Amino acid sequence: MAYNFKQIGKKWQKKWEEKKVFEAKEKGKKFYVLEMYPYPSGTGLHMGHAFNYTIGDVYARFKRMQGFNVLHPMGYDSFGLPAENAAIKAKSHPRVFTDEAIKSYIKQQKELGFSYDWSRILQSHDENYYKWNQWIFLKMFEKGLAYKKKAVVNYCRKCDTVLANEQVHNGKCWRHTDTEIEVKHLEQWFLKITDYAEELLKDVDSLDWPEKIKTMQRNWIGKSEGAEAVFEINKKKFFVFTTRIDTLFGVTFLAISPQYIDLEHLITKEKKKEVEKFLKKIKSTKQEDIDKMEKSGVFTGSYAIHPLTKERIPVWIANFVLAEYGSGIVMGVPSHDKRDFEFARKYKLPIKIVIRPENEKIQSLVMDEAYTGSGKLINSLEFNGLFSEEAKEHITKVLREKKLGGKKIHYKLRDWLISRQRYWGTPIPMLYDEKGNIVPVPESELPVKLPNDVKFGKGNPLETSKIFLTVKKNGKIYRRETDTMDTFFDSSWYFLRFIDSKNQGKMFDMKKADYWMPVDFYTGGAEHACMHLIYARFFTKVLRDLNLVGKKLNEPFKRLFNQGMVHAEDGFVMSKSKGNVIDPMEMAEKYGADTLRLFLVSIASPDSDFSWNQEGIEGMHRFVRKLFEYFSKVKTGKSNPRTENKIHGTIKNVTEEIENLKYNLAIIKIRNLFEYLHEREISRKDLETCIKMLAPFTPHVAEEFWEKLGNKNFVSFAEWPKYDEKKISKEFEKEEKDVEDLIGDVLNVLRIVREREKKPKKLFVYTLPKEKEIYANNIDEIERRTNLQTKVFAVNEKGKHDPDGKSKKAKPGKPAIYLE
RNA sequence: GCGGGAAUGCCGGAGUGGUCAAACGGGAUGCGCUCAAGACGCAUUAGCUCAGUGCUUGCAGAGGUUCGAAUCCUCUUUCCCGCACCA
């Protein structure tokens, strides 16, 4: 029988779909498997998708067979810039592109045999979905978690919109790595994720996630404990954050960010020209160059009053101070901070030493670098003699008493800017009355739908829509908010919508969420470490506090798995411009989905990067074909203990390897098993076990032979085999090794003999009497491997064929051999 | 600069103290099957030695710990990833 993978693939995909076998109900012990839902791009599924979904699907199928009630849904992150841009280019509508793309994604995913519950499908651009974005936004607004403010924001010219901090990488746009981010001061919508900074940080510890991602999140949240001190400038109070309040008496200048919002007020008339010149220069420098640039600054002309000494401290603008961190103002302590030191040197600002390292004396005149360690305080009035740590406490206390500062915990995490000046996203459900006051859209008027009468081109398309822009209600005229939401808003709770995706009256049913949440196993790329994964955690906590999910649900994703990157055969990232892209569907067409799936997860450990290998997939195809032939021909009978040992050992290993996401090793164990099984008698039960173990990886072939064996149900729901420890015996392993050694010896001799131009046909093995059975039991194997007709004798047997008297050489565990 | 990870045979890639000249796959080579094979089966794939089970070298480099190291420690080199003037 020829292996017709196309026919088998279609047959089973159709059956799964018709019988709705993967549709999940709330019943039994649940297990929620999820792969990060894709952005449906016009180019279809790429190899990374296929890899990711295979990893999830194998796990989902495995858990299902273990008796769990598995939820394994799929949806589409369908709002976003690429569709809008494609639409502009083609003078069409983003919806057209998106719907088209989703259609082809669904088709392709079905062809790869993924066991999704298609009844729960969702798409973010569906008004039934984004309605709930708007709804939850209103709830957040009520709670003060959504707010509008003027801020220093990042703007990408190519996206033509502002971006969240998380979407700026190295001063560039995350989607346009060649585009500099521009800094603007605009009024924008934010979500108050900083309210949850501490909890987000704390709960990282409890997650079963890759350490790498956890570290990245901790760093991103960036907690630092320090103190705040008030400096007065022109009778106004300015807060300055520092982790080194013990160096407070070493302050010889204040440095303020060039992007500081109220900068103007600090600049004196005399300095205005000079400052403007400096700011102009900064503005014209690329972010990238600023990073490399030497420190520079300009004096504002203003002076600050030191909170404790009441000295006059010059206020400088300095290019190394970040507007978005701390208060945008730092205290300059050249003696004990590297950057301040550099800056002070350049502008000849005084350097005052206030910390003396133990066992060492430093003098200002010879100081050629900042001392950043801790030590004993000097030149610090009543704090002299204290060590850094205690000085921090004392100084903070004094500041607090004088109401000039105090303890302060600072986070690097900023509030999440969600406004986007683009069309293809969820409209922010807000109105402005004639006076410009913010008026939320009432719940009953949701969803605020995206209008169709828009012109794509320059600026925000929503501003070109007449029906959208103006709202008349009760004789009043309102202007609608034209900003849409960041698409990460959509993906921050989609895993909850899957639980109840058709619910018209609610975001989702709380009881159902209680049943299914958290996601037990979540896979996706590591690139979302500080975006999606933080936002989704934040949302979950907000929903919990709004009583929309149970109080116990603190975290959405229990276990996270990051798959490796699939590279092209040349080792580079697959890209159209390089022309090295391998299309998964082409491979499935050529070799079948089973082969592709099996290959993807067997080439390397799923968490490590790997390069595509064309010969590798062909090798895998040969294996699948062999499997097919084996199952086509095999007749069931009885398994001997040796076979049982092998089967049960394999069950044990494979189960463990799958659980640990070492699919590659599981597949090797399976391959070894089939290698062994070749032409050996096997019981029906054991044969079924073999099929079951294959089912998560190669579901189509498995279903086919499961059916051929006469089973009426699906192997997809068959019970995962359990191993019987009693059937696994070390003795068989030893026996196998002994036989293996013998074969090795024979082959060795055979090689030598062949060099002497002899061609032996027969093999005689002489064993110790009690060992005879070991070898006699394995004559088939010995013959197959050596291609010699084999006879086994015990050394004490009479009438044995032994012309050279080799049998004398037999030792325990090492039989003697003779070839002729 | 800081943080994290990695370096294994022709290639991909297992392997975290002895069972390791190192799983498994791919490639190459040889043999068998055959009219012939790109199909299948078997073998070889560090070097030497050999009617046998032995020796030497060996897991980026250099040291060290140990009876014993691919595996543990130290330093060096290279590569990848994340953060990056974070006050």
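Note that the structure is a prediction, hence the values are computed from the model and not measured.
Residues passing the ring-ring contact (aromatic ring centres under 6.0 Å, His included) test with A:Tyr663 are A:Phe697, sequence neighbours excluded. Residues passing the side chain to side chain donor-acceptor pair (under 3.5 Å) test with A:Trp316: none are found, sequence neighbours excluded. Evaluation of the side chain to side chain donor-acceptor pair (under 3.5 Å) rule for A:Asp609 yields no partner, not counting sequence neighbours. A:Asp337 pairs by the salt bridge (Lys or Arg N to Asp or Glu O under 4.0 Å) definition with A:Arg339, not counting sequence neighbours. Qualifying side chain to side chain donor-acceptor pair (under 3.5 Å) partners for A:Ser257, counting only residues two or more places apart in sequence or in other chains: none.
Using a 4.0 Å cut-off on heavy atoms, none of the residues of residues 248-258 of chain A approach RNA chain B.
Rounded to whole Å, the separation between the C1' atoms of B:C11 and B:A28 comes to 11 Å. For the P atoms, the distance from B:G54 to B:A22 is 13 Å, rounded to whole Å. Comparing B:C80 with B:G12, their P atoms sit 16 Å apart, to the nearest whole Å. B:A87 and B:A14 have their C1' atoms separated by 47 Å, given to the nearest Å. Straight-line distance between the C1' atoms of B:A70 and B:A23: roughly 14 Å, to the nearest whole Å. Between B:A62 and B:U49, the two C1' atoms lie 32 Å apart (nearest whole Å). Across the C1' atoms, B:U65 and B:C75 are found 15 Å apart, a figure rounded to whole Å.
Within the nucleic acid shown, A:Phe623 has no heavy atom closer than 4.0 Å to any nucleic acid atom. Among the heavy atoms of the strands lying under 4.0 Å from A:Ile817 is at least one base atom, whether or not backbone atoms are also near. A:Asp745 comes within 4.0 angstrom of a nucleotide base, judged by non-hydrogen atoms across all strands. Using a 4.0 Å heavy-atom cutoff across all strands shown, A:Leu819 reaches at least one base atom of the nucleic acid. As judged by a 4.0 angstrom heavy-atom cut-off over every strand, A:Pro815 is placed among the base-contacting residues. The residue A:Gly222 sits apart from the nucleic acid: no heavy atom pair falls under 4.0 Å. Within 4.0 Å (heavy atoms only), A:Val333 reaches no atom of the nucleic acid at all. Within 4.0 Å of A:Arg671, counting heavy atoms only, lie sugar-phosphate atoms of the nucleic acid but no base atom. At the heavy-atom level, A:Asp741 lies nowhere under 4.0 Å from the strands shown.
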Does the ring-ring contact (aromatic ring centres under 6.0 Å, His included) test come out yes or no for A:Phe51 and A:Phe610, once each step is laid out? CA-CA 11 Å; A:Phe51 184 41; A:Phe610 69 92; 5.1 Å; yes

Before giving the answer on side chain to side chain contact (heavy atoms under 4.5 Å, CB included), spell out for A:Leu627 and A:Phe674 the whole-Å C-alpha distance, their side-chain angles and the decisive distance to 0.1 Å. CA-CA 8 Å; A:Leu627 276 180; A:Phe674 280 97; 3.6 Å; yes

Can you list the steps and then say if A:Asn664 with A:Ser605 is a side-chain hydrogen bond (donor to acceptor under 3.5 Å, both in side chains)? CA-CA 6 Å; A:Asn664 54 329; A:Ser605 178; 4.5 Å; no

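In the displayed structure, A:Lys791 atom NZ is contacted under 6.0 Å by at most 12 heavy atoms of other residues, nucleotides or ligands.
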Below 3.5 Å is the cut-off: list the nitrogen or oxygen pairs between protein and nucleotides 12-22 of chain B, distance only.
none

List, with names and distances, any nitrogen or oxygen atoms from the protein found under 3.5 Å away from nitrogen or oxygen atoms belonging to nucleotides 38-42 of chain B.
residue: B:C42; atom: OP1; partner: A:Arg784; partner atom: NH1; Å: 2.2
residue: B:C42; atom: O2'; partner: A:Arg785; partner atom: O; Å: 2.9

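The side chain of A:Ala816 lies closest to B:G52, out of B:C50, B:G52, B:A84. Residue A:Lys412 places its side chain closer to B:C83 than to any other of B:C85, B:C83, B:A87. Of all nucleotides listed (B:G52, B:C81, B:G26), B:C81 comes nearest to the side chain of A:Lys212. For A:Asn672, the side-chain atoms get nearest to B:C24 when compared with the rest of B:C50, B:G82, B:C24.
Judged as a side-chain hydrogen bond (donor to acceptor under 3.5 Å, both in side chains), the pairs with a partner in residues 245-255 of chain A (not counting sequence neighbours) are, in order, A:Arg244-A:Asp246, A:Asp246-A:Ser388. Applying the salt bridge (Lys or Arg N to Asp or Glu O under 4.0 Å) test to pairs two or more places apart or on separate chains, those with a residue in residues 216-231 of chain A are A:Glu198-A:Lys223, A:Asp205-A:Arg218, A:Glu228-A:Lys408.
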Which donor-acceptor pairs under 3.5 Å do side chains of residues 323-334 of chain A form with protein atoms, sequence neighbours excluded?
residue: A:Tyr325; atom: OH; partner: A:Ser224; partner atom: OG; Å: 3.0
residue: A:Ser327; atom: OG; partner: A:Phe239; partner atom: O; Å: 2.5

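Side-chain contact check for A:Glu166 and A:Trp220: at least one donor-acceptor pair (N or O, by modelled atom type) lies under 3.5 Å. Looking only at atom types and distance, the side chain of A:Thr523 has a donor-acceptor partner in the side chain of A:Asn52 under 3.5 Å away.
Classification of the A:His532-A:His528 ring pair by plane angle, with boundaries at 30° and 60°, yields perpendicular.
Where pairing requires Watson-Crick or G-U contacts shorter than 3.5 Å, the helical stems of RNA chain B with at least three consecutive pairs are B:1-7 with B:77-83, B:10-12 with B:24-26, B:27-32 with B:40-45, B:46-48 with B:54-56, B:60-64 with B:72-76.
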